[in-house]
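Working notes, structure below.
Keep in mind it's a predicted model, so treat the numbers as computed, not measured. Residue numbers run from 1 in the order of the sequence given.
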Amino acid sequence: MKKVLSILFTAMLILFANGCSSSEMDSKAKIDPKEIEGRIAEALKQMGDKTNLKILSSNKTEDGKHAIALSNNIHIFIEDNKITLAAMPDAIFTERDDLDFAFVLLVGIADESLSYGERHKIVSELGLKGKNNLMDYTKVINHNNVGYTYVGNKDALLLEAEIK
């Protein structure tokens, strides 16, 4: 498990280096990890048997981030005004439906004002549905004062929502 977290933290650093090209980040929102965990729990409850994801663990990491494990391959990290979904590339092959749901889940917890259809539209705009090679792909979009950055490589798949 420590190896997985180590890889995910390394991959998150790659995301921040690649996806956050602006040197000046105006961080207006501070996210409450317990509130986010509650939103996740409620969304998972509503999905019921349609997903295998569940909150396996929730804790504060050594570097101050809040980590929520949804499966062995899919985790959410919360820090300041950023929520990051980090997945191992194996998730594409072993739990693709759950990975797709996790992308929509992240968009929904970052911006509760979006309808379920709008959440799917943002995931599509990010290129996370369809034929893109998610292990060699990067995309950045902004919607409703939330910046979404996706970076995928052979080490990790990362979708970050930065609430501004």
Side-chain angles (χ1 to χ4, degrees), residues 1-21 33 36-37 39-59 61 63 65-79 82-111 114-143 146-163:
M1 183 66 169
K2 286 187 178 185
K3 181 180 178 185
V4 169
L5 289 176
S6 174
I7 291 170
L8 292 175
F9 289 130
T10 301
M12 286 178 60
L13 290 174
I14 293 168
L15 172 67
F16 296 131
N18 290 334
C20 300
S21 58
I36 298 301
E37 186 176 339
R39 290 184 204 172
I40 292 169
E42 182 60 32
L44 294 173
K45 181 180 171 185
Q46 289 177 8
M47 285 299 289
D49 292 340
K50 295 177 188 172
T51 183
N52 294 316
L53 297 178
K54 58 185 173 187
I55 297 176
L56 299 177
S57 66
S58 175
N59 52 52
T61 62
D63 61 353
K65 294 178 178 77
H66 191 87
I68 301 171
L70 300 178
S71 78
N72 289 335
N73 291 319
I74 302 172
H75 296 77
I76 291 181
F77 296 91
I78 304 162
E79 182 180 33
K82 297 175 186 173
I83 308 167
T84 305
L85 176 106
M88 299 302 293
D90 289 349
I92 292 174
F93 308 108
T94 61
E95 39 189 332
R96 181 59 195 242
D97 290 341
D98 289 332
L99 179 62
D100 289 343
F101 172 67
F103 290 144
V104 174
L105 175 67
L106 178 80
V107 171
I109 60 175
D111 186 352
L114 299 172
S115 70
Y116 196 67
E118 291 170 319
R119 295 171 189 183
H120 277 277
K121 184 178 177 186
I122 289 171
V123 170
S124 291
E125 285 178 34
L126 281 162
L128 304 179
K129 294 187 177 231
K131 299 183 187 217
N132 283 334
N133 177 0
L134 296 182
M135 293 191 307
D136 185 23
Y137 180 72
T138 301
K139 178 87 180 224
V140 178
I141 66 169
N142 290 293
H143 191 281
V146 179
Y148 298 97
T149 303
Y150 176 83
V151 175
N153 59 44
K154 64 180 176 69
D155 296 321
L157 313 173
L158 304 164
L159 175 60
E160 179 184 85
E162 180 180 4
I163 302 168

Checklist entry - At their closest point, which heavy atom of Asn72 faces which heavy atom of Leu56, and how far apart are they? => result N-CD1, 4.1 Å
Next on the checklist: Quick check for you: to the nearest 0.5 Å, what is the distance between Leu159 atom CG and Thr84 atom OG1?
Outcome noted: 8.0 Å
Checklist entry - Pro33 and His66: which non-hydrogen atoms are nearest, and at how many Å? => result CB-CG, 3.5 Å
Checklist entry - Can you name the nearest heavy-atom pair linking Phe77 to Ala86, along with the distance? => result CE1-CB, 3.8 Å
Checklist entry - About how many Å separate CG of Leu106 and CG of Leu126, when rounded to the nearest 0.5 Å? => result 9.5 Å
Item to check | Any side-chain heavy-atom pair of Ile122 and Asp111 under 4.5 Å | outcome: no
Checklist entry - Which word best sums up how the rings of Tyr137 and Tyr150 line up, parallel for under 30°, tilted for 30 to 60°, or perpendicular for over 60°? => result tilted
Checklist entry - Relative to each other, are the rings of Tyr116 and His120 parallel, tilted or perpendicular (30° and 60° limits)? => result perpendicular
Item to check | For the student: nearest non-hydrogen atoms of Ala102 and Leu85, plus distance | outcome: CB-CD1, 3.5 Å
Checklist outcome for this item: d(Ile78 CD1, Ile83 CD1) to nearest 0.5 Å is 6.0 Å
Next on the checklist: Checking Asn52 against Glu95: is there a side-chain donor and acceptor pair closer than 3.5 Å?
Outcome noted: no
Item to check | Minimal non-hydrogen separation, Arg39 against Ala110, with atom names | outcome: NH1-N, 4.4 Å
Item to check | Value rounded to 0.5 Å, distance of CG in Leu44 from CG in Leu105 | outcome: 6.0 Å
Item to check | Interatomic distance, Leu157 atom CG to Phe103 atom CZ [nearest 0.5 angstrom] | outcome: 6.0 Å
Checklist outcome for this item: Taken to the nearest 0.5 Å, the spacing of Arg119 CZ from His143 NE2 works out to 12.0 Å
Checklist entry - Does one side chain, of Thr61 or Asp63, offer a donor that lies under 3.5 Å from an acceptor on the other? => result yes
Item to check | Side chain Asn132, main chain Leu134, donor-acceptor under 3.5 Å | outcome: no
